[in-house]
Amino acid sequence: MLTDQQMLDEARVALHRFQIGGGIVECEFGGQRTKFSAGNIEKLVAYIAQLEARIAGLPQRGAVGFYF
């Protein structure tokens with residue numbers, strides 16, 4: 001199993017490959033190999049932000065529910 005830092009490094013490389021014309025990139029996401037393309041690159045960017053926050057020790061944001 002990869003460490004958070006290893007996953008972050010891999011995700012950053014994948015984002016870089018995509019930005020220089022890779023089209024489809026692949027990295028470990030949530031314990032599984034996941035392919036990212038232009039249609040879901042926002043998920044990769046969000047994943048990078050999540051890993052950065054976790055490594056920095058920042059509180060994790062979760063889903064918020066509103067009840068009326």
Side-chain angles (χ1 to χ4, degrees):
M1 179 130 209
L2 297 176
T3 66
D4 287 345
Q5 186 62 54
Q6 290 170 318
M7 288 186 288
L8 176 59
D9 293 343
E10 186 177 355
R12 285 178 173 162
V13 168
L15 180 60
H16 175 74
R17 281 194 315 258
F18 177 78
Q19 290 173 324
I20 61 172
I24 296 177
V25 296
E26 185 176 326
C27 65
E28 187 167 320
F29 182 73
Q32 298 180 341
R33 301 297 299 174
T34 303
K35 291 183 181 182
F36 295 92
S37 64
N40 65 359
I41 200 68
E42 299 83 21
K43 289 182 181 180
L44 178 56
V45 172
Y47 177 60
I48 289 171
Q50 176 187 7
L51 287 170
E52 290 171 337
R54 191 161 59 197
I55 290 169
L58 299 175
Q60 297 294 305
R61 293 174 45 178
V64 177
F66 294 96
Y67 300 94
F68 297 95

Answer whether the closest heavy-atom distance between the side chains of Ile41 and Phe18 falls below 4.5 Å.
yes
Tell me whether Val45 shares a hydrophobic cluster with Leu8, the cluster being built from Ile, Leu, Val, Met, Phe, Trp, Tyr side chains joined at under 4.5 Å.
yes
Value rounded to 0.5 Å, distance of CD1 in Ile55 from CE in Met7
8.0 Å
Spatial distance of atom CG (Asp4) from atom CD (Glu52) [nearest 0.5 Å]:
11.5 Å
Starting at CZ of Arg17, measure out to CD of Gln19 and round the result to the nearest 0.5 Å.
11.5 Å
For a quick test of reading the model, state the closest non-hydrogen atom pair linking Gln6 to Leu2 and the distance between them.
OE1-CA, 3.4 Å
